[in-house]
Amino acid sequence: MDILYFAWVRERIGLPREQVETSAATVADLVEELRAREERYAAAFADLSALRVALDQELSEFDAPLAGVREVAFFPPMTGG
Amino acid sequence: MRISVQEAPFELGAESDAFAEGVAGAGAVVTFTGVVRDADQGGLAAMEIEHYPGMTEKALTAIAEEAMKRWSLADALVIHRHGRLAPGERIMMVATAARHRKNAFEAAEYLMDYLKSRAPFWKKEILAGGGSDWVAAKDADEDALKRW
(Lines give C-alpha, C1' and ligand atoms only; values in the text may rest on other atoms or scores of the structure.)
Protein backbone atom coordinates (compact mmCIF):
# COMPACT_ATOMS: atom_id res chain seq x y z
CA MET A 1 0.00 0.00 0.00
CA ASP A 2 1.26 3.49 -0.85
CA ILE A 3 1.09 6.04 1.95
CA LEU A 4 1.37 9.74 1.11
CA TYR A 5 1.97 12.66 3.46
CA PHE A 6 1.35 16.33 2.75
CA ALA A 7 2.14 19.73 4.31
CA TRP A 8 3.32 19.59 7.94
CA VAL A 9 2.57 15.86 8.17
CA ARG A 10 5.15 15.33 5.40
CA GLU A 11 7.62 17.63 7.13
CA ARG A 12 7.18 15.97 10.52
CA ILE A 13 7.60 12.46 9.14
CA GLY A 14 10.34 13.55 6.77
CA LEU A 15 9.18 11.96 3.55
CA PRO A 16 6.42 12.51 0.99
CA ARG A 17 5.47 8.88 0.37
CA GLU A 18 6.40 5.32 1.24
CA GLN A 19 5.28 1.77 0.62
CA VAL A 20 4.02 -0.12 3.62
CA GLU A 21 3.12 -3.78 4.05
CA THR A 22 0.20 -3.87 6.43
CA SER A 23 -2.68 -6.06 7.47
CA ALA A 24 -4.46 -3.17 9.22
CA ALA A 25 -8.23 -3.49 8.87
CA THR A 26 -9.02 0.22 9.18
CA VAL A 27 -7.30 3.58 8.82
CA ALA A 28 -7.20 3.86 12.63
CA ASP A 29 -5.39 0.48 12.84
CA LEU A 30 -2.87 1.67 10.26
CA VAL A 31 -2.32 4.87 12.28
CA GLU A 32 -1.62 2.74 15.38
CA GLU A 33 0.98 0.73 13.44
CA LEU A 34 2.66 3.89 12.17
CA ARG A 35 2.63 5.55 15.61
CA ALA A 36 4.42 2.55 17.09
CA ARG A 37 7.25 2.80 14.55
CA GLU A 38 9.19 5.89 15.57
CA GLU A 39 8.84 9.14 17.47
CA ARG A 40 8.41 11.23 14.30
CA TYR A 41 5.32 9.17 13.38
CA ALA A 42 3.96 9.41 16.91
CA ALA A 43 4.43 13.19 16.73
CA ALA A 44 2.72 13.48 13.33
CA PHE A 45 -0.25 11.35 14.42
CA ALA A 46 -0.53 12.72 17.98
CA ASP A 47 -3.85 14.49 17.36
CA LEU A 48 -6.12 12.86 14.79
CA SER A 49 -8.61 15.73 15.01
CA ALA A 50 -5.92 17.87 13.30
CA LEU A 51 -5.64 15.39 10.40
CA ARG A 52 -7.65 14.33 7.40
CA VAL A 53 -7.36 11.11 5.41
CA ALA A 54 -8.03 10.25 1.78
CA LEU A 55 -8.40 6.69 0.48
CA ASP A 56 -7.61 6.28 -3.21
CA GLN A 57 -7.87 10.07 -3.55
CA GLU A 58 -11.33 10.39 -1.93
CA LEU A 59 -11.77 12.06 1.46
CA SER A 60 -12.62 9.43 4.04
CA GLU A 61 -12.81 8.76 7.79
CA PHE A 62 -10.42 7.18 10.28
CA ASP A 63 -12.80 4.28 10.96
CA ALA A 64 -13.03 3.40 7.25
CA PRO A 65 -11.95 -0.11 6.18
CA LEU A 66 -8.75 -0.49 4.12
CA ALA A 67 -9.80 -3.58 2.14
CA GLY A 68 -8.96 -3.03 -1.54
CA VAL A 69 -7.39 0.40 -0.92
CA ARG A 70 -4.15 1.08 -2.81
CA GLU A 71 -3.32 4.64 -1.75
CA VAL A 72 -3.77 6.29 1.66
CA ALA A 73 -2.95 9.97 2.17
CA PHE A 74 -2.66 11.87 5.46
CA PHE A 75 -2.73 15.67 5.61
CA PRO A 76 -3.96 18.65 7.64
CA PRO A 77 -7.28 20.38 6.85
CA MET A 78 -7.06 21.88 3.39
CA THR A 79 -6.46 25.57 2.70
CA GLY A 80 -7.16 26.23 -0.95
CA GLY A 81 -8.50 29.33 -2.59
CA MET B 1 -16.26 23.10 -17.96
CA ARG B 2 -12.52 23.40 -17.52
CA ILE B 3 -10.29 22.65 -14.52
CA SER B 4 -6.64 23.63 -14.59
CA VAL B 5 -4.12 23.00 -11.80
CA GLN B 6 -0.91 24.67 -12.88
CA GLU B 7 2.31 26.18 -11.65
CA ALA B 8 2.45 28.86 -14.37
CA PRO B 9 0.74 32.25 -14.02
CA PHE B 10 -2.48 32.78 -15.96
CA GLU B 11 -3.69 35.79 -17.91
CA LEU B 12 -6.80 36.99 -16.08
CA GLY B 13 -8.00 39.15 -18.99
CA ALA B 14 -7.43 36.51 -21.65
CA GLU B 15 -9.05 33.77 -19.54
CA SER B 16 -12.08 35.96 -18.72
CA ASP B 17 -12.50 37.01 -22.36
CA ALA B 18 -12.25 33.47 -23.67
CA PHE B 19 -14.71 32.23 -21.06
CA ALA B 20 -17.26 34.98 -21.78
CA GLU B 21 -16.96 34.50 -25.54
CA GLY B 22 -17.60 30.78 -25.14
CA VAL B 23 -20.92 31.39 -23.37
CA ALA B 24 -22.23 34.34 -25.36
CA GLY B 25 -25.87 33.24 -24.95
CA ALA B 26 -25.75 32.83 -21.18
CA GLY B 27 -26.46 36.41 -20.09
CA ALA B 28 -24.48 36.45 -16.84
CA VAL B 29 -20.81 35.77 -16.22
CA VAL B 30 -19.18 36.05 -12.78
CA THR B 31 -15.44 35.83 -12.22
CA PHE B 32 -13.55 35.78 -8.95
CA THR B 33 -9.79 35.96 -8.51
CA GLY B 34 -7.73 35.16 -5.42
CA VAL B 35 -4.51 37.10 -4.87
CA VAL B 36 -1.61 36.46 -2.46
CA ARG B 37 -2.09 39.16 0.14
CA ASP B 38 0.52 40.52 2.47
CA ALA B 39 -1.57 41.52 5.46
CA ASP B 40 1.49 42.32 7.54
CA GLN B 41 3.01 44.83 5.06
CA GLY B 42 6.35 43.53 3.93
CA GLY B 43 6.24 40.56 6.31
CA LEU B 44 5.49 37.97 3.67
CA ALA B 45 8.23 36.96 1.23
CA ALA B 46 6.26 34.29 -0.61
CA MET B 47 3.39 31.83 -0.44
CA GLU B 48 4.13 28.18 -1.18
CA ILE B 49 1.18 26.13 -2.32
CA GLU B 50 1.38 22.35 -2.12
CA HIS B 51 -1.23 20.04 -3.59
CA TYR B 52 -2.06 16.37 -4.11
CA PRO B 53 -1.63 15.70 -7.85
CA GLY B 54 -4.44 13.49 -9.08
CA MET B 55 -6.79 14.06 -6.15
CA THR B 56 -6.76 17.84 -6.70
CA GLU B 57 -8.07 17.54 -10.25
CA LYS B 58 -10.66 14.94 -9.22
CA ALA B 59 -11.90 17.03 -6.28
CA LEU B 60 -12.15 20.23 -8.34
CA THR B 61 -13.96 18.38 -11.14
CA ALA B 62 -16.50 16.94 -8.69
CA ILE B 63 -17.08 20.37 -7.10
CA ALA B 64 -17.51 22.07 -10.48
CA GLU B 65 -19.81 19.31 -11.79
CA GLU B 66 -22.04 19.77 -8.74
CA ALA B 67 -22.15 23.55 -9.31
CA MET B 68 -22.97 23.05 -13.03
CA LYS B 69 -25.94 20.87 -12.06
CA ARG B 70 -27.28 22.83 -9.08
CA TRP B 71 -27.27 26.23 -10.80
CA SER B 72 -27.86 25.03 -14.38
CA LEU B 73 -24.66 26.72 -15.47
CA ALA B 74 -23.78 27.19 -19.11
CA ASP B 75 -20.12 26.75 -18.18
CA ALA B 76 -17.65 26.86 -15.29
CA LEU B 77 -13.90 27.44 -15.09
CA VAL B 78 -11.49 26.81 -12.21
CA ILE B 79 -7.78 27.66 -12.43
CA HIS B 80 -5.64 27.07 -9.33
CA ARG B 81 -1.89 27.50 -9.12
CA HIS B 82 0.66 25.70 -6.98
CA GLY B 83 4.32 26.29 -6.23
CA ARG B 84 5.95 29.46 -4.95
CA LEU B 85 4.04 32.74 -5.42
CA ALA B 86 5.02 36.31 -4.51
CA PRO B 87 2.68 38.78 -2.75
CA GLY B 88 0.33 40.31 -5.31
CA GLU B 89 0.42 37.28 -7.61
CA ARG B 90 -2.87 35.65 -8.58
CA ILE B 91 -3.38 32.26 -6.95
CA MET B 92 -6.60 31.16 -8.58
CA MET B 93 -9.73 32.15 -10.44
CA VAL B 94 -13.21 30.80 -10.93
CA ALA B 95 -15.71 31.82 -13.58
CA THR B 96 -19.36 30.83 -13.89
CA ALA B 97 -21.88 31.51 -16.61
CA ALA B 98 -25.64 31.26 -16.22
CA ARG B 99 -28.83 32.66 -17.68
CA HIS B 100 -29.30 34.99 -14.70
CA ARG B 101 -26.80 36.68 -12.39
CA LYS B 102 -28.13 35.16 -9.13
CA ASN B 103 -27.20 31.66 -10.25
CA ALA B 104 -23.82 32.80 -11.55
CA PHE B 105 -22.97 34.59 -8.27
CA GLU B 106 -24.19 31.76 -6.04
CA ALA B 107 -22.38 29.11 -8.05
CA ALA B 108 -19.13 31.12 -7.86
CA GLU B 109 -19.48 31.39 -4.07
CA TYR B 110 -20.19 27.68 -3.83
CA LEU B 111 -17.08 26.89 -5.91
CA MET B 112 -14.97 29.13 -3.66
CA ASP B 113 -16.36 27.71 -0.41
CA TYR B 114 -15.79 24.13 -1.52
CA LEU B 115 -12.40 24.56 -3.09
CA LYS B 116 -11.16 26.28 0.09
CA SER B 117 -11.98 23.32 2.32
CA ARG B 118 -12.42 20.29 0.06
CA ALA B 119 -9.70 20.57 -2.58
CA PRO B 120 -6.30 19.25 -1.41
CA PHE B 121 -4.21 22.42 -1.34
CA TRP B 122 -2.06 23.61 1.56
CA LYS B 123 -0.56 27.07 1.90
CA LYS B 124 2.69 27.91 3.63
CA GLU B 125 3.72 31.49 4.33
CA ILE B 126 7.42 32.18 3.84
CA LEU B 127 8.25 35.14 6.08
CA ALA B 128 10.59 37.94 5.01
CA GLY B 129 12.35 37.85 8.36
CA GLY B 130 13.05 34.12 8.02
CA GLY B 131 10.96 31.16 9.05
CA SER B 132 7.65 29.93 7.72
CA ASP B 133 4.14 29.03 8.87
CA TRP B 134 1.56 26.63 7.49
CA VAL B 135 -1.72 28.49 7.11
CA ALA B 136 -4.29 26.91 9.46
CA ALA B 137 -7.78 26.11 8.21
CA LYS B 138 -10.41 28.37 9.77
CA ASP B 139 -13.57 27.10 11.46
CA ALA B 140 -15.42 29.80 9.50
CA ASP B 141 -14.35 28.15 6.24
CA GLU B 142 -15.73 24.80 7.34
CA ASP B 143 -18.93 26.49 8.61
CA ALA B 144 -19.35 28.19 5.23
CA LEU B 145 -20.09 24.78 3.67
CA LYS B 146 -23.18 24.32 5.82
CA ARG B 147 -25.20 26.91 3.95
CA TRP B 148 -25.10 24.79 0.81
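As a basis for the values below, the full set of heavy atoms in this structure was taken, side chains included, without hydrogen atoms, waters or symmetry mates. Below, chains carry the letters A, B, ... as their sequence lines are ordered, and counting in each starts from 1.
- The closest donor-acceptor contact from the side chain of W122(B) to the backbone of P76(A) lies under 3.5 Å.
- Of the residues considered (M92(B), E50(B), H82(B), E48(B)), E50(B) shows the highest number of contacts with chain A, using heavy-atom pairs under 4.5 Å.
- Distance alone, capped at 3.5 Å, is enough to place a donor-acceptor pair between the T96(B) side chain and the A104(B) backbone.
- Neither the backbone nor the side chain of A59(B) comes within less than 4.5 Å of any heavy atom in chain A.
- Heavy-atom distances place the side chain of R10(A), and not its backbone, under 4.5 Å from chain B.
- Looking at L115(B), both its backbone and its side chain come within 4.5 Å of chain A, counting heavy atoms on both sides.
- Contact of K123(B) with chain A is made through backbone and side chain together, with heavy-atom distances under 4.5 Å.
- Under the 3.5 Å distance criterion, the side-chain polar atoms of E71(A) are left unmatched by any main-chain donor or acceptor of D56(A).
- The choice from G34(B), P120(B), A62(B) that makes the most heavy-atom pairs within less than 4.5 Å of chain A is P120(B).
- In terms of heavy-atom pairs under 4.5 Å with chain B, the best-connected choice from A50(A), P16(A), P77(A), A54(A) is P77(A).
- A donor-acceptor contact shorter than 3.5 Å links the side chain of E57(B) to the backbone of G54(B).
- The OG1 atom of T33(B) sits 4.0 Å away from the CG atom of L12(B) when rounded to the nearest 0.5 Å.
- The part of H51(B) that comes within reach of chain A is its backbone (N, CA, C, O), which places non-hydrogen atoms under 4.5 angstrom from that chain.
- Under the 6.0 Å cut-off for aromatic ring centres, Y41(A) and F45(A) do not qualify, their centroids lying 6.0 Å or more apart.
- Contact annotation for R81(B): neither backbone nor side-chain heavy atoms come within less than 4.5 Å of a heavy atom of chain A.
- Using a 4.5 Å cut-off between heavy atoms, K116(B) contacts chain A through both its backbone and its side chain.
- Between the D113(B) side chain and the D141(B) main chain, no donor and acceptor come within less than 3.5 Å of each other.
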